[in-house]
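I have placed the structure first, in the form of structure tokens, so that the comments after it can refer back to it.
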Amino acid sequence: MVTKEGSPRHLLEQRRSSRSSGRGYAAVLWTAAIFFVVILAAIIEGIVSQSTNAFGHFGFGFLWSTAFNTVTNQYGAGPFIIGTLVITAIAMIIAVPVGLATASFLTEMCPRRIATPLGVGIDLIAAVPSIVVGLWGLYVMQPVFLRDVEPFMQKIPVVKLLFKGVAEGPSLFLAGFVLSIMILPTMVALTRTALAGVGTLDREAAFALGATPWQVIRKIVVPGANSGILAAATLALGRAVGETIAVTLLIGNVTRITHPFSLLNPGATLGSIIVLNFGESGQLPLLKSTLFALAVVLLIITIIVNVGGRLIVRKNRQFRLP
Amino acid sequence: MSTDLLEAPAPSGKDPVAAERRQLIQAAARGTLKRRRTVALGIRILFGTCMILTLVPLVALVGYVSKRGVGALSVAFFTHTPTPEGIPGGGISNAIVGSLLINGLALVIAMPIGLLVALFLIERRGPVANVIRFGADVLTGIPSILIGLFAYAIIVAHTHFSAYSASVALAVLMLPIMIRGDEEAMRTIPNELWEAGLALGARQSRVVRSVVVRGAIPGLVTANLLALARAVGETAPLLFTAIGSQLFSLSFNQPMNAIPIVIYQDGTTAFKDLQSDAWGAAFVLMAGVLVLSIIGRTFAARLTRKSR
């Protein structure tokens with residue numbers, strides 16, 4: 001059937017035939033989407049493919065071997081996995097309670113006209129680059145730790161068992177402490193979002209029953225934001241594990257586990273050892289492959305942590321994370 | 001207020017047992033109230049202290065870097081290339097230009113991809129969209145050092161150290177922030193506007209261009225600025241890609257200097273003049289990142305005010 005020129009039906013058919021450009025638009029979107037998925041896959045593939053040499057050479061014993069010798073070409077990940085775990089633990093032990101307390105104070109215990117600028121300030125400072133924090137840690141915190149903080153820790157009962165020996169400058173404790181400063185803004189910002197997601201009515205009901213602010217926090221807000229707080233801690237953990245450049249400047253980068261164990265010892269993390277040895281790995285293919293194998297370990301840890309954190313967030317959609 | 005309630009007189013009931021019981025309860029409540037208030041006060045002080053503990057190092061950090069950094073600035077600092085230790089008059093002009101070029105190219109690569117993927121997330125539902133959203137969230141948490149190694153593995157390992165490989169690494173770092181930020185910004189455009197556009201007979205792509213993207217510009221600017229602010233300060237990816245240089249270079253195919261590299265390399269030397277350069281560079285970098293973040297946030301604030 002031939003339609004008349006200019007009739008509504010004709011216009012409609014014209015519009016339909018112009019769908020081809022609509023199809024072009026859809027194709028562009030699909031291309032972009034698939035390209036992004038390809039990038040995700042390529043990140044894993046690119047890092048893993050460079051590491052196969054080392055994994056093939058050392059097998060799974062690589063994960064706990066403590067050898068790191070560029071002369072005999074023996075390498076293992078043991079000291080760096082332990083170093084990463086130790087300083088991450090220090091950072092989390094400091095940052096989680098302090099961050100939770102700070103976030104509670106900002107959302108529940110202080111007037112909004114103070115809380116808002118403080119919150120924005122903390123968010124902004126979270127943007128200060130890692131390398132700047134590292135430089136500051138190296139020139140300001142390290143002398144302070146050597147002179148005051150570390151001798152002080154050696155005087156506290158029980159805690160002093162972790163601080164045996166003599167501090168020489170770079171140490172696990174210093175790196176972990178500065179790391180806690182770096183993840184605190186993340187922890188505070190995410191926890192605030194979680195706490196703010198608890199309904200105002202719940203709070204008011206509790207206050208109406210005569211609860212004090214502390215009781216409201218303990219019995220209403222924190223239980224209500226439970227999974228949000230857990231997610232915040234998990235994502236902060238992810239940041240701590242992967243934080244590299246500031247830690248490299250502060251941890252001392254020794255490639256062995258020093259005995260007896262002490263937080264005053266220098267150490268190395270997965271990230272710091274990669275950064276430090278990458279330059280000289282040009283002539284040593286096995287060392288380079290080893291560094292990529294360490295990157296694979298780091299990749300697996302951070303993927304597990306971040307997927308875990310995001311899954312917790314997914315389950316509770318009442319709040320959104322940045 | 002609650003104290004007044006507790007001390008309110010008993011209702012005019014004549015039952016002496018009820019009145020007695022009532023007084024008992026009031027006394028008990030008064031006791032716990034005092035205790036609960038003391039505890040609450042203690043906790044408030046404790047939490048306030050924690051907040052101060054959070055702020056002190058952060059403020060000290062910004063203050064100290066500013067103090068040391070401003071002292072290191074001079075005209076030559078911005079206009080000259082680096083000199084070896086002991087020779088005065090050196091600057092970091094090549095690093096400043098390098099950072100601008102590397103990040104500029106990264107932005108040019110990441111911005112269109114980010115926008116298109118965000119549009120995809122808005123237009124389609126289903127498993128692919130979910131995978132992308134989740135992938136972007138997880139990618140945000142992947143350490144930058146791994147992204148740098150990725151760029152090394154796919155580009156530098158087959159060619160040589162170059163500025164464009166650094167741009168690729170930084171573009172990958174920017175992408176997830178842009179995707180999620182752009183998506184959120186475009187979601188603020190009400191459905192009615194989409195429908196109005198379509199009802200006028202405009203094609204989907206036309207509606208997106210003229211209504212959705214245009215309407216969401218403040219949010220898009222915010223997302224892109226915040227992504228840029230994150231990428232500018234990254235050091236680890238640059239060490240495997242652009243690697244740094246003492247020369248002034250404008251070629252993307254050659255190694256290039258960048259501000260974070262200057263801080264990392266000069267900050268760890270034993271020479272006072274190079275250390276001073278590192279502080280100057282740290283201040284310039286910090287100020288740049290903070291300015292980007294502040295501009296980004298003001299755009300976001302304007303957006304939320306408008307949509308109200």
Side-chain angles (χ1 to χ4, degrees), chain A residues 15 18 21-22 25 28-29 32-33 35-37 39-40 42-43 46-47 49-50 98 101-102 104-106 109 122 124-125 127-133 135-136 138 140 181 184-185 188 210 212-215 235 238-239 242 244-245 249 271 274-275 278 292 295 298-299 302-303 306-307 310, chain B residues 2 36-37 39-40 43-44 46-48 50-51 53-54 57-58 61-62 64-65 113 116-117 119-120 123 128 131-132 134-135 137-139 141-143 145-147 149-150 153-154 157 172 175 201 203-205 229 233 235-236 239-240 260 263-264 267-268 278 282 285-286 289-290 293-294:
Chain A
R15 175 66 65 216
S18 73
S21 73
Y25 168 67
V28 170
L29 291 193
F35 184 62
F36 181 67
V37 177
I39 293 177
L40 292 179
I43 291 172
I47 295 174
S49 69
Q50 300 273 328
V98 175
T102 305
S104 306
F105 187 82
L106 286 177
M109 291 176 156
I122 291 177
L124 276 181
I125 293 177
V128 173
S130 161
I131 178 73
V132 177
V133 181
L135 191 72
W136 173 76
L138 185 63
V140 180
I181 295 177
L184 249 178
V188 172
T212 59
W214 164 237
Q215 286 178 313
L235 296 176
R239 233 201 119 184
T244 306
I245 212 78
L249 295 179
I274 297 174
V275 165
F278 205 82
F292 272 94
L298 186 57
L299 183 66
T302 46
I303 286 183
N306 278 289
V307 167
R310 293 292 166 182
Chain B
S2 37
R36 291 185 298 133
R37 281 198 172 153
V39 172
I43 296 285
R44 188 189 283 262
L46 180 70
F47 281 16
C50 280
M51 191 203 66
L53 283 181
T54 308
L58 298 174
L61 162 69
V62 174
Y64 188 84
V65 173
I113 304 176
L116 288 175
V117 177
L119 271 175
F120 179 88
E123 298 248 21
V128 182
V131 166
I132 288 178
F134 198 73
D137 284 347
V138 173
L139 184 56
I142 298 294
I145 181 176
L146 297 180
I147 307 298
L149 288 174
F150 156 69
I154 62 160
V172 174
L175 256 185
R203 284 193 298 270
Q204 186 84 349
S205 55
T235 315
L239 296 176
F240 312 133
I263 306 175
Y264 179 70
T268 48
L285 186 63
M286 187 179 78
V289 169
L290 288 183
S293 306
I294 291 171

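Proteins come first, then strands; the chains are lettered A, B, ... in the order of their sequence lines, and each starts at number 1. Please read these numbers as outputs of a predicted model, since none were measured by experiment.
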A:Leu184 portion near chain B, given a 4.5 angstrom heavy-atom threshold: side chain

Using heavy-atom distances under 4.5 Å, tell me whether A:Val307 contacts chain B through its side chain, its backbone, both, or neither. both

Among A:Thr244, A:Thr302, A:Ile303, exactly one meets side-chain contact (heavy atoms from CB on, under 4.5 Å) together with B:Leu146. Which residue is that? A:Thr302

Roughly how far, to the nearest 0.5 Å, is CG of A:Leu40 from CZ of B:Phe150? 9.5 Å

Please rank B:Ala229, B:Gly233, B:Cys50 by heavy-atom pairs under 4.5 Å with chain A and give me the top one. B:Cys50

Which of the residues B:Val138, B:Leu149, B:Leu53 is involved in the greatest number of heavy-atom pairs with chain A at under 4.5 angstrom? B:Leu149

A:Leu298, part contacting chain B, at a heavy-atom distance under 4.5 Å: both

Note: vs chain A, highest number of non-hydrogen pairs under 4.5 angstrom among B:Ile132, B:Ile294, B:Asp137, B:Val117 is B:Asp137

Is there a donor-acceptor pair closer than 3.5 Å between any side-chain N or O of A:Asn306 and the backbone N or O of B:Gly141? yes

Counting only heavy atoms closer than 4.5 Å, note whether B:Leu139 contacts chain A via side chain, backbone, both or neither. side chain

Could you check whether any side-chain heavy atom of A:Pro129 comes within less than 4.5 Å of a side-chain heavy atom of B:Thr235, counting everything from C-beta outward? no

Examine whether an atom of B:Tyr264 lies under 4.5 Å from a heavy atom of chain A, and if so say whether it belongs to the side chain, the backbone or both; otherwise answer neither. both

For A:Leu135 and B:Ala278, the nearest pair of non-hydrogen atoms, with its separation, is CD2-O, 4.0 Å

Tell me, for A:Leu249 versus chain B, whether the close heavy atoms (under 4.5 Å) come from the side chain, the backbone, both or neither. side chain

Heavy-atom pairs under 4.5 Å with chain B, option from A:Gly238, A:Ser104, A:Gly271, A:Ala33 with the top count: A:Ala33

In terms of heavy-atom pairs under 4.5 Å with chain A, which of B:Leu61, B:Leu239, B:Leu116, B:Ile145 leads? B:Leu61

Let me know if B:Val172 has heavy atoms under 4.5 Å from chain A in its side chain, its backbone, both or neither. side chain

For the CD atom of B:Gln204 and the CG atom of A:Leu29, what is their distance to the nearest 0.5 Å? 9.0 Å

Between B:Pro260, B:Ala157, B:Pro143, B:Ala40, which residue shows the highest count of heavy-atom pairs closer than 4.5 Å to chain A? B:Pro143

When the 4.5 angstrom heavy-atom criterion is applied to A:Val98 and chain B, the contacting part is both

Of all heavy-atom pairs linking B:Pro57 and A:Ile181, the shortest is CB-CD1, 3.6 Å

As an exercise, state the distance from CZ of B:Arg37 to OG1 of A:Thr212, rounded to the nearest 0.5 Å. 9.0 Å

Sorted by chain and residue number, the side-chain contact (heavy atoms from CB on, under 4.5 Å) partners of B:Ile43 (sequence neighbours excluded) come out as A:Met109, A:Trp214, B:Val39, B:Phe47

Region of B:Leu46 that comes under 4.5 Å of a non-hydrogen atom in chain A: neither

Taking atom CD1 of B:Ile113 and atom CZ of A:Phe35, what is their separation to the nearest 0.5 Å? 4.5 Å

Looking only at heavy atoms, which two atoms of A:Phe105 and B:Met51 are closest? And how far apart? CD2-SD, 3.6 Å

Taking every non-hydrogen pair under 4.5 Å, which of A:Ala32, A:Pro185, A:Gly46 racks up the most with chain B? A:Ala32

Which value, rounded to the nearest 0.5 Å, describes the distance between A:Tyr25 atom OH and B:Glu123 atom CD? 3.5 Å

Give a yes or no answer on whether the side chain of B:Arg36 reaches the backbone of A:Gly210 with a donor-acceptor pair at less than 3.5 Å. yes

From OG1 (B:Thr54) to CD1 (A:Ile125), nearest 0.5 Å: 10.5 Å

